[in-house]
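Each remark here refers to the structure printed beneath this line.
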Amino acid sequence: MRGMSILPYAHEHVQKIRAYKPGKPIGETARELHMDPDDIVKLASNENPLGASPMAMQAIKRASQGVNLYPDGSAYELRSKIAKRYGVRIEQIVAGSGSSELIELLCHTCLGPGSELVAARYSFTMYPLMCQLFGATFVEVENKPDWSHDLRAMLRTISPRTRIVFITNPTNPVGTMVQQAELDDFMAQVPNHVIVAFDEAYIHFADPQPDTLRYVQRGQNAVVMRTFSKAYGLAGLRAGFAITTEEIAGLLHKVRSPFNTSSLAQVAAAAALDDEQHLRNSVQLVRSEMHRYERTFDDLGLSYIPSQGNFVLVKVGDGERVYSECLKRGVILRPMNGYGLPEYLRISIGTAEQNTRCLRALAEVLGEAGQQK
Ligand SMILES: *Cc1c(COP(=O)(O)O)cnc(C)c1O
């Protein structure tokens, strides 16, 4: 007998969730285009084109012998290493399956019907998604005309119902930053009942890098979130961490599942932290190739938003069309309709070779559009 639909019994707010749309995977694109996956260039998810650090790869190989055993649920080695690196106590650190899990854990601890989360309009799409998941209200604050977070407006938006404010620095998808003085000013005025979460997934690419740990160390209700997915090149393994007060860390530990970071993720992340050379190479590549994109956009007469991340938003006209045309040429970019920016594409900075492919595809596609006019 066919069962009846169970949907009416699911949370109403869960039924309404619009799923997160990730960058199009290489395998799927290769199957659709009947292309060799090796010929496809994916510049859609801000991954590290140099791969993982060789030290992390060695650690993974060594640890692969032990995957029949459960991981250390407390991620002791990784958390001690992070604690030492940042000069904090191990009790202040929570490891997660990517920093998106830490975002979810934080939302899980304090969001529910009647509560609010404040974030900038142009920041990570996970925040509104989490509000839907927990039945909370997402309060979106317009970015400033230069596309950066409007921290003053965010302050004004805080209400007694506000539980979390997210500051994405640099922010995805636009790549802008808020600097120390503005952050200090914000943190001096933010009410105590609010947790301020600094989502610093792209902080390694930024220069200068504001110090947000100081707020945690002063005992403010702040959380600094980092990931191994971007500059460290471990997106597939899922590893990230939060540094916060012992009190907030304690809450996050209560909410997480007992083995939330895998054994391979733990050892690879710990090894990646030590590989400063790989990190420097990765950041250096992004900076120099970013300059090349900017020069080429100028030559092509395309406007773009100057970015401190490993990605750049460029204005191409009909974003969806240019995205599909580039896709046909084996170059996966990220359309921005979901963000309400249909004229833009987001390009993750790849290797010099990948970027050449991307720029050639863009010039071709935009050149054709020019001839049709
Ligand atoms: C990529 C990203 C993250 C984290 O991704 P994980 O792979 O889950 O660590 C967090 N915040 C922003 C803004 C990102 O772009």
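Counting starts at 1 for both ligands and their atoms, in listed order.
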Query raised in the report: What part of Met126, side chain from CB on, backbone N/CA/C/O, both or neither, has a heavy atom under 4.0 Å from ligand 1?
Result: neither
Report task. May I ask you to check if ligand 1 and Tyr127 share an N or O to N or O distance below 3.5 Å? Result -> no
Requested in this report: Please say whether Ser100 places an N or O atom under 3.5 Å from an N or O atom belonging to ligand 1.
Outcome: yes
Query - Any donor-acceptor pair under 3.5 Å from Ser99 side chain to Leu102 backbone - result: no
Requested in this report: Report the residues that fulfil side chain to side chain contact (heavy atoms under 4.5 Å, CB included) with Pro37, sequence neighbours left out, ordered by chain and then residue number.
Outcome: Ile26, Ala30
Report task. With heavy atoms of Thr168 as the reference, note each atom of ligand 1 found under 4.0 Å away. Result -> 13 (C)
**Report entry** Mutual orientation of the aromatic rings belonging to Phe228 and Phe241 [parallel < 30°, tilted 30-60°, perpendicular > 60°]
**Finding:** tilted
Requested in this report: Report yes if Arg238 has an N/O atom closer than 3.5 Å to an N/O atom of ligand 1; otherwise report no.
Outcome: yes
Query raised in the report: With atoms numbered from 1 as shown, which atoms in ligand 1 lie under 4.0 angstrom from a non-hydrogen atom of Lys230?
Result: 1 (C), 2 (C), 3 (C), 4 (C), 5 (O), 14 (C), 15 (O)
Query - Nearest-neighbour protein heavy atom for atom 4 (C) of ligand 1, which is reported as residue plus atom name and distance - result: Ser99 OG, 3.0 Å
Query - Closest protein heavy atom to atom 7 (O) of ligand 1, given as residue, atom name and distance to 0.1 Å - result: Ser229 OG, 2.6 Å
Query - Location of contacts on Tyr202 toward ligand 1, heavy atoms closer than 4.0 Å - result: side chain
Query raised in the report: Atoms of ligand 1 less than 4.0 Å from Ala201 heavy atoms?
Result: 2 (C), 3 (C), 10 (C), 11 (N), 12 (C), 14 (C)
Report summary line: Residue, atom and distance of the protein heavy atom nearest atom 11 (N) of ligand 1 read Asp199 OD2, 2.7 Å
**Report entry** Glu101 and Asn260 side chains, donor-acceptor separation under 3.5 Å
**Finding:** yes
Query raised in the report: With ring centroids as reference points, do Phe198 and Tyr215 lie under 6.0 angstrom apart?
Result: yes
Query raised in the report: Should the pair Glu325-Lys328 be classified as a salt bridge under the 4.0 Å nitrogen-to-oxygen rule?
Result: yes
Query raised in the report: Within the side chain of Ser115, is there an N or O that forms a donor-acceptor pair under 3.5 Å with the backbone of Leu111?
Result: no
Report summary line: The closest protein heavy-atom partner of atom 9 (O) of ligand 1 is Thr227 OG1, 2.5 Å
**Report entry** Ligand-residue contact atoms, ligand 1 with Asn172, heavy atoms, under 4.0 Å
**Finding:** 13 (C), 15 (O)
Report task. Give the numbers and elements of all ligand 1 atoms closer than 4.0 Å to a heavy atom of Gly98. Result -> 6 (P), 8 (O), 9 (O)
Query raised in the report: Between Gln217 and Arg214, do the side chains contain an N or O donor and an N or O acceptor separated by less than 3.5 Å?
Result: no
Query - Electrostatic pair Arg334:Glu47 at N-O distance under 4.0 angstrom - result: no
